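Shown next, in structure tokens, is the structure this report addresses.
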Number of protein chains: 2
Amino acid sequence: MITIDNISIPLPTIRRFPAYLRLLKEHANRGEVWISATTLAEELKLKPIQVRKDMACTGVEGKPKVGFLVSELVLAIEHYLGWDNTTDAILIGAGNLGAALIGYKGFENNGLRIIAVFDKDRRKVGSQIGGIVVSQIEDLAKTVDKFGINIAIITVPAHAAQSVAEMAVEAGIKGIWNFAPKNLNLSDNIVIQKTDLVTSFAELSAKLINHLDEQKQIQGK
Amino acid sequence: MITIDNISIPLPTIRRFPAYLRLLKEHANRGEVWISATTLAEELKLKPIQVRKDMACTGVEGKPKVGFLVSELVLAIEHYLGWDNTTDAILIGAGNLGAALIGYKGFENNGLRIIAVFDKDRRKVGSQIGGIVVSQIEDLAKTVDKFGINIAIITVPAHAAQSVAEMAVEAGIKGIWNFAPKNLNLSDNIVIQKTDLVTSFAELSAKLINHLDEQKQIQGK
DNA sequence: TAGATTGTTAATCGATTAACAATC
DNA sequence: TAGATTGTTAATCGATTAACAATC
């Protein structure tokens, strides 16, 4: 449960917000003005009741028989995700994954702009990655301070994650998006978001075993 | 809830398994034979009762006052994740993100091996990416069939995702790991795992707003 | 008007947490 | 033995789903 503007929004709802947003923007582009929860549900394979509950969190009121104003929903969702203003972030770790994130088109219209890249490796410093010059990690604090950055994205190897995270926090970073497969130990007032590729794969693995098992049992009978 | 070998395991437990596995292997490397749920909990910042519940799902029995056999837990968790045998997968979309996944060290010891890469772009075909030669997408079905591949990883742009997913399913793929920010519409008997970077960032954004709000309120009082 | 859709209140479901007896 | 830790059963909590009245 997350509270923004004194409104409590369940975390699963927050997670569904980006998918709604994408769809709503598509509809807006087609010139559509109204959309019903029923339609959204169908397109996202969710239950209408769940979409209505989620929409209720946005504070936008719908009209029975018509639905919701697309533009209102877009603005409300963007607001609760903090995407009404683009957030600047720094990235630490100029490897393959770092390059992928810098080049990722999806962030452009979704509130995230990576404005600086740092790496411990002196040989990478000065080189360009996705149009951004790699800086030495010693300059991190200066950049964070100068641009008032809150978010650091960590794409270094597991063994280096803890130490660069500490440097970032020291520099004033408030939120960390950690791609390294390592649990970070930081002060409680730092927000940590972990994206663990191995964990995602684990989920797929287990679901697939479960699924193939089921199919085998059905066929066996 | 996922059922494997007639044992039901909650999805959140499955998601915690990789973190346990990493920690357990570290302890094993240090020559430690026994480990208690209390210790695991402390190192992962979880509650001991939750770790005990999770361990119960593995079927491994612990000894009061001593804990669990590290080696038994490792084997049991690997079994439920299907990581006792490495899974071969193909990757579609030889862009930055694809390159990052192919080069990702974390997969090596965690049951995943990417054995072939495909791309629609003729100019990329024949070039190497992380030591793997990019094949033309027309050869996909042949490869899937020849090596009995179940899993496809999709790292193409959103607009191409649906069509390559359909090709993969046509070729016999049973599980899809989708990195494209697009909901796939496929037959119900295909397992789809979505890793949406924008969604992860949304979560961080919202948590951070909530957190900064809280801090402001505390200071205001 | 009739019917689709919203919004509210209550029921259900699943996961986490608590309490505590069993055990080495 | 005393005490830490396990494992089981019950309580709590939060999210999803159901039911239905309100409404345009």
Side-chain angles (χ1 to χ4, degrees), chain A residues 1-4 7-17 19-20 23-24 27 32-70 72-73 76-77 80 199 202-203 206-207 210, chain B residues 1-4 7-17 19-20 23-24 27 32-70 72-73 76-77 80 199 202-203 206-207 210:
Chain A
M1 222 52 167
I2 282 178
T3 306
I4 296 172
I7 292 174
S8 289
I9 304 181
L11 201 54
T13 298
I14 293 282
R15 290 199 195 104
R16 284 187 290 271
F17 272 176
Y20 291 133
L23 212 51
L24 289 167
H27 282 272
E32 291 160 43
V33 176
W34 295 92
I35 192 161
S36 73
T38 320
T39 308
L40 281 171
E42 204 174 323
E43 295 181 280
L44 290 170
K45 288 197 220 153
L46 300 172
K47 309 232 159 115
I49 174 64
Q50 185 166 55
V51 177
R52 270 183 284 151
K53 276 274 179 200
D54 287 343
M55 293 307 114
C57 293
T58 66
V60 174
E61 280 190 22
K63 271 208 181 75
K65 202 176 160 164
V66 186
F68 302 81
L69 260 180
V70 176
E72 273 193 61
L73 285 180
I77 292 176
Y80 287 111
T199 298
E203 208 176 316
K207 283 183 192 161
N210 171 58
Chain B
M1 226 43 171
I2 283 178
T3 305
I4 297 172
I7 292 176
S8 288
I9 304 182
L11 202 54
T13 298
I14 294 282
R15 290 199 195 104
R16 284 188 291 271
F17 273 176
Y20 292 132
L23 211 52
L24 289 167
H27 281 272
E32 290 160 44
V33 177
W34 296 92
I35 193 161
S36 72
T38 320
T39 308
L40 280 171
E42 204 174 321
E43 296 183 278
L44 290 170
K45 289 198 218 150
L46 301 172
K47 309 233 160 115
I49 174 64
Q50 186 166 55
V51 177
R52 268 182 285 151
K53 276 276 182 202
D54 287 344
M55 293 307 114
C57 293
T58 66
V60 174
E61 281 190 22
K63 271 207 180 74
K65 204 176 158 159
V66 186
F68 302 81
L69 261 179
V70 176
E72 272 192 63
L73 285 179
I77 293 176
Y80 287 111
T199 298
E203 208 176 316
K207 282 183 193 163
N210 171 58

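On a predicted model such as this, the values are computed, not experimentally measured, just so you know. Below, chains carry the letters A, B, ... as their sequence lines are ordered, and counting in each starts from 1.
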Handout entry: Of the listed nucleotides C:dG7, C:dA19, D:dA18, the one nearest the side chain of A:Lys47
Key = D:dA18

Exercise for the section: Test for a donor-acceptor pair under 3.5 Å between the base of D:dT1 and the side chain of B:Lys65, counting only N and O atoms. Expected result: no

Handout entry: Closest to side chain of B:Gln50, choosing from D:dA15, C:dT16, D:dT6
Key = C:dT16

Practice task
Choose from D:dC24, D:dT17, C:dC24 the nucleotide whose nearest atom is closest to any side-chain atom of A:Pro64.
Solution key: D:dC24

Completion exercise
Rounding to 0.5 Å, atoms CD1 (A:Ile14) and CG (A:Asp54) come to a distance of 9.5 Å

Handout entry: DNA chain C: 5'-proximal contact among A:Lys53 and A:Phe68 (nearest heavy atom)
Key = A:Phe68

Problem - Side-chain N,O (B:Arg15) to OP1/OP2 (C:dA15) below 4.0 Å - result: no

Problem - Test item: A:Trp34 and A:Leu69 side chains (from C-beta on) under 4.5 Å apart, heavy atoms - result: yes

Exercise for the section: For B:Ile49 and D:dC13, give me the distance from atom CD1 to atom P, rounded to whole Å. Expected result: 16 Å

Handout entry: Close residues, residues 33-41 of chain B, relative to DNA chain D [heavy-atom separation under 4.0 Å]
Key = B:Ser36, B:Ala37, B:Thr38

Handout entry: Nucleotide pairing, DNA chain D (Watson-Crick or G-U, distances under 3.5 Å), in dot-bracket with [ ] and |
Key = ..||||||||||||||||||||||

Problem - Verdict with supporting geometry, A:Met55 and A:Val60, side chain to side chain contact (heavy atoms under 4.5 Å, CB included) - result: CA-CA 7 Å; A:Met55 293 307 114; A:Val60 174; over 6 Å; no

Practice task
Calculate, to the nearest 0.5 Å, the distance between atoms CG and CD belonging to A:Leu44 and A:Gln50 respectively.
Solution key: 10.0 Å

Handout entry: Euclidean distance, atom CG of residue B:Asp54 to atom C1' of D:dT6 [Å, nearest integer]
Key = 15 Å

Fill in the blank from the handout: Side-chain contact check for A:Arg52: nearest option of D:dA19, D:dC24, D:dT8 is D:dA19

Practice task
Please assess A:Ile49 against A:Arg52 for the test side chain to side chain contact (heavy atoms under 4.5 Å, CB included), listing each intermediate value before the final yes or no.
Solution key: CA-CA 5 Å; A:Ile49 174 64; A:Arg52 270 183 284 151; 4.0 Å; yes

Handout entry: For atom CD1 of B:Ile14 and atom P of C:dG14, their distance in whole Å
Key = 16 Å

Completion exercise
Whole-Å distance, B:Met55 CE to C:dT16 C1', equals 15 Å

Problem - side chain to side chain contact (heavy atoms under 4.5 Å, CB included) between B:Tyr20 and B:Leu73, intermediate numbers included - result: CA-CA 9 Å; B:Tyr20 292 132; B:Leu73 285 179; over 6 Å; no

Exercise for the section: Would you kindly give the CG-to-C1' distance between B:Leu11 and C:dC13, to the nearest whole Å? Expected result: 15 Å

Practice task
Can you measure from OG1 (B:Thr3) to CG (A:Asn210) and round to the nearest 0.5 angstrom?
Solution key: 5.5 Å

Problem - A:Lys63 vs A:Met1, nearer the 5' end of DNA chain D by closest nucleotide - result: A:Met1

Practice task
Answer yes or no: is there a side-chain heavy-atom contact under 4.5 Å between B:Leu40 and B:Leu24?
Solution key: yes

Handout entry: Validation row: B:Val33, B:Val70 side chains within 4.5 angstrom (heavy atoms)
Key = no

